Structure formats: structure tokens, C-alpha cells
Amino acid sequence: MSDKRVQFDFSIAFTNGGGLQGQGFRLDIDGDDISDEALASYIIQDLRLLMVGEVVILNKTIIEEPHKRQSGTTDMELTEGVLDLRKVSQKVEDLLQLANGRTLRVVSKAGESYVIRRAAD
């Protein structure tokens with residue numbers, strides 16, 4: 001299997017004001033594709049960003065190109081979804097049920113970003 005990378009543009013809005021944009025950004029990926037949600041999580045984790053609100057991914061293209069990182073550095077735990085509490089209301093019990101068996105990025109009503117996951121038993 002050949003190495004795959006994703007090339008894309010992105011826009012990030014921070015909950016405390018300001019934003020960040022990137023054009024032609026490239027990241028190593030495992031497999032042949034990556035969802036926009038997982039890609040947004042990858043950016044947040046890879047750049048160690050805090051107070052992230054909305055992330056917009058544009059012009060995503062998968063390319064064949066050798067990975068630039070050492071082996072083993074691409075298996076970060078990525079979120080499997082985003083729940084924006086500014087747009088929907090959710091009970092705590094229901095939120096915890098959504099996180100059962102997967103990792104979620106939750107944007108609070110105040111715009112703060114959290115990652116939740118069930119702790120190992």
C-alpha cells in the first residue's frame with residue numbers, strides 16, 4: 001500500500017476571537033480517505049490548538065506521496081464526530097451515551113471546545 005496524504009484548505013474560528021487559515025496544507029493519513037470531522041480533529045491536535053470553535057475544510061484532495069513523519073506518529077486518537085451545543089440541546093446522559101465507544105469533540109454553548117471519551121474500564 002502506498003502512502004497517502006491529504007491536501008486541503010481550512011479555516012478555524014477561535015471561541016475567544018480571531019481565526020486561522022491555511023491553504024494547500026498537507027497531512028499524512030492512514031488509509032485512502034479521511035472525513036472532514038476527523039481532519040478537523042487532526043489539525044486541532046497536530047497544531048495543539050485551544051479554544052477552537054468552527055472548523056471549515058475546503059478543497060480536500062487525497063494524494064499519493066510518501067509520508068513525512070516517522071512511523072507511528074500518525075496514529076493519534078482522532079475524534080469520530082463533533083457535537084456543537086450552540087446548535088443543538090443535549091442532556092448530559094445523552095451526551096455520555098454518544099461518547100460511548102468513540103471520541104467526540106464537543107463545542108459548548110460558550111464556544112469552548114472539549115474532547116470527551118469513555119475512560120478504559
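Bear in mind the structure is a predicted one, so any value in this text is a computation, not a measurement.
In this structure a side-chain-to-backbone donor-acceptor pair under 3.5 Å is missing from Ser89 to Leu85. Between the side chain of Asn59 and the backbone N or O of Asp9 there is no donor-acceptor pair closer than 3.5 Å.
Hydrophobic clustering (ILVMFWY, side-chain heavy atoms < 4.5 Å, transitive): Ile43 and Met51 are in distinct clusters. Connection of Leu50 to Leu47 is not established within any shared hydrophobic cluster, with ILVMFWY side chains joined at heavy-atom distances below 4.5 Å, either directly or through further cluster members. Under a hydrophobic-cluster definition in which Ile, Leu, Val, Met, Phe, Trp and Tyr are linked whenever side-chain heavy atoms come within less than 4.5 Å, directly or via other members, Leu58 and Leu27 are assigned to different clusters.
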Margin query: Is there a side-chain contact (heavy atoms from CB on, under 4.5 Å) between Ile62 and Asp33? Walk through the geometry before answering.
Written below: CA-CA 7 Å; Ile62 306 300; Asp33 198 12; 4.0 Å; yes
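Side-chain contact between Lys4 and Asp32 is present, with at least one heavy-atom pair separated by less than 4.5 Å. Leu49 places a side-chain heavy atom less than 4.5 Å from the side chain of Phe14. The closest side-chain heavy-atom distance from Leu39 to Lys60 is below 4.5 Å. Side-chain atoms of Tyr42 and Ile44, non-hydrogen and from C-beta on, never get closer than 4.5 Å to each other.
Summarising the geometry of Gln7 relative to Ile63, their closest heavy-atom pair is OE1-CD1, 4.1 Å, with the distance given to 0.1 Å. The shortest heavy-atom contact between Glu54 and Arg86 is N-NH2, 4.2 Å. Residue Val55 comes nearest to Ala40 through the heavy atom pair CG1-CB, 3.5 Å, listed as atom of the first residue, atom of the second, then distance.
Distance check, rounded to the nearest 0.5 Å: CZ of Arg26 to CZ of Phe8 gives 11.0 Å.
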